[in-house]
Engineer: 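Below is a structure I'd like to ask you about.
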Amino acid sequence: MTQTATEIAENWQRLRLRIARAEQAADRTPGSVRLLAVSKTWPAEAVRAAHACGQQAFGENYVQEALAKIAELADLSGPALEWHFIGPLQSNKTRDVAEAFQWVHSVDREKVARRLAEQRLAHLPPLQVCLQVNIDGEDSKSGCSPAALPALVRTVLTLPGLTLRGLMCIPRPGNSAAFAALAQTRQELLASIPGLESGVFDTLSMGMSDDLEAAVAAGSNMVRIGSALFGSRAKP
Ligand SMILES: *Cc1c(COP(=O)(O)O)cnc(C)c1O
């Protein structure tokens with residue numbers, strides 16, 4: 001059910017506190033973990049309510065839904081919204097994503113990376129890219145296997161129009177060991193791939209409403225939060 005603007009504001013404050021506590025418990029620098037508000041399935045009004053609290057970064061999973069919402073919110077004043085595509089990305093949808101989003105977290109194969117690079121408009125800053133890693137070998141279609149990751153990293157580094165920012169994962173519920181594994185994978189890539197810089201390849205996009213504390217403890221610096229902010233989604 002859609003939450004009121006007041007409920008969203010209360011949830012947002014609670015979440016900021018939860019993240020601050022998680023940072024403190026894990027000896028992380030205060031403010032080092034970004035909150036990505038996952039607005040999929042929720043109307044533009046919900047995004048407006050969160051933006052009014054100071055929320056800037058929003059995550060979307062479905063291209064058509066996102067494009068409609070982005071257009072509807074073009075009038076929003078104040079700090080510009082930052083749109084992050086976090087859903088499975090088919091290669092026939094890359095143009096829309098390359099044109100309308102600032103970030104993509106779900107690049108998991110070379111074909112999609114190349115298309116995004118070719119289709120990114122020349123007047124826009126580079127698209128900020130995280131590679132989705134199938135870190136716990138879950139039987140799902142999304143995510144690059146850890147074995148194939150170094151080659152994908154090397155390819156993305158050569159593509160103009162993209163800036164490689166880090167790694168993303170969606171582990172099985174309860175498998176919080178996967179967060180440490182993704183952090184370790186990032187370190188190994190930094191140590192072995194020339195041209196990868198820790199100050200640019202700096203993002204670990206991991207942790208959702210139910211497991212943000214475990215993700216922050218393992219080094220997440222971008223948590224993707226939907227239901228704890230906007231309420232529980234209807235099952236598709
Ligand atoms: C929906 C979704 C989220 C948010 O999940 P919640 O459990 O609602 O916080 C985060 N990441 C991805 C990739 C999602 O699809």
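First listed ligand is number 1; within each ligand, the first listed atom is number 1. Positions are given from 1 along the sequence.
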Engineer: Please list, in number order, the atoms of ligand 1 under 4.0 Å from a heavy atom of Ile225.
Structural biologist: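 Selected atoms, number and element: 9 (O).
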Engineer: Measuring from atom CZ of Arg165 to atom OG of Ser205, what distance do you get when rounded to the nearest 0.5 angstrom?
Structural biologist: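 If I round to the nearest 0.5 Å, the distance is 11.5 Å.
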Engineer: Taking only heavy atoms of Arg224 into account, list the atoms of ligand 1 that are under 4.0 Å away from them.
Structural biologist: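 Answer, ordered by atom number: 4 (C), 9 (O), 10 (C), 11 (N), 12 (C), 13 (C).
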Engineer: Taking it one step at a time, do Arg48 and Glu45 satisfy salt bridge (charged side-chain N to carboxylate O under 4.0 Å, His left out)?
Structural biologist: CA-CA 5 Å; Arg48 274 184 210 280; Glu45 295 328 307; 3.4 Å; yes
Engineer: Please report which non-hydrogen protein atom sits nearest to atom 10 (C) of ligand 1, along with the residue it belongs to and the distance in Å to one decimal place.
Structural biologist: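 For atom 10 (C) of ligand 1, the nearest protein heavy atom comes out as Met208 SD, 3.1 Å.
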Engineer: Report yes or no: do Glu23 and Thr29 form a side-chain donor-acceptor pair below 3.5 Å?
Structural biologist: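 Thr29 and Glu23 do not have a side-chain donor-acceptor pair below 3.5 Å.
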Engineer: Tell me, please: is Arg233 in heavy-atom contact with ligand 1, that is, under 4.0 Å?
Structural biologist: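 Yes; Arg233 lies near enough to ligand 1 that a heavy-atom distance drops under 4.0 Å.
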Engineer: Taking non-hydrogen atoms only, is Asn61 closer than 4.0 angstrom to ligand 1 via side chain, backbone, both or neither?
Structural biologist: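 Side chain only; the backbone of Asn61 stays clear of ligand 1.
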Engineer: For residues Leu190 and Arg186, determine if any side-chain heavy atom of one lies less than 4.5 Å from a side-chain heavy atom of the other.
Structural biologist: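 When only atoms from C-beta onward are counted, Arg186 and Leu190 do touch, with a gap below 4.5 Å.
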Engineer: Judging by distance only, is a nitrogen or oxygen of Met168 under 3.5 angstrom from one on ligand 1?
Structural biologist: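 In this structure, Met168 places no N or O atom under 3.5 Å from an N or O of ligand 1.
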Engineer: Below a 4.0 angstrom heavy-atom separation, can you tell me which part of Asp210, side chain or backbone, both or neither, approaches ligand 1?
Structural biologist: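 Contact part for Asp210 vs ligand 1: neither.
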Engineer: Using a 4.0 Å cutoff against the non-hydrogen atoms of Gly226, which atoms of ligand 1 qualify?
Structural biologist: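 By the 4.0 Å cutoff, the relevant atoms are 4 (C), 6 (P), 8 (O), 9 (O).
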Engineer: Taking Gln102 for the side chain and Trp83 for the main chain, is one N or O donor matched with an acceptor at less than 3.5 Å?
Structural biologist: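 At least one qualifying donor-acceptor pair exists.
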Engineer: How long is the straight-line distance from CE of Met168 back to OG of Ser142, given to the nearest 0.5 Å?
Structural biologist: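 Interatomic distance, Ser142 OG to Met168 CE, rounded to 0.5 Å: 8.0 Å.
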Engineer: I need the atoms of ligand 1 closer than 4.0 Å to a non-hydrogen atom of Ile170, numbered in the order shown.
Structural biologist: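 Atoms satisfying the 4.0 Å criterion: 13 (C).
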Engineer: Would you mind checking which non-hydrogen protein atom is closest to atom 9 (O) of ligand 1, with the distance to 0.1 Å?
Structural biologist: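 Of the protein heavy atoms, Ser209 OG, 2.5 Å lies nearest.
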Engineer: Is any side-chain heavy atom of Thr41 closer than 4.5 Å to one of Phe230?
Structural biologist: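 With C-beta onward as the side chain, the pair stays apart.
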Engineer: Using a strict cut-off of less than 4.0 Å between a Lys/Arg side-chain nitrogen and an Asp/Glu carboxylate oxygen, indicate whether Glu213 and Arg21 qualify as a salt bridge.
Structural biologist: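 So Glu213 does not pair with Arg21 through a salt bridge.
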Engineer: Please identify which atoms of ligand 1 are closer than 4.0 Å to at least one heavy atom of Ile86.
Structural biologist: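 That gives atoms 11 (N), 12 (C), 13 (C), 14 (C) of ligand 1.
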Engineer: Under 4.0 Å from ligand 1, counting heavy atoms only, is it the side chain of Lys40, its backbone, both or neither?
Structural biologist: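 For Lys40, only side-chain atoms sit under 4.0 Å from ligand 1.
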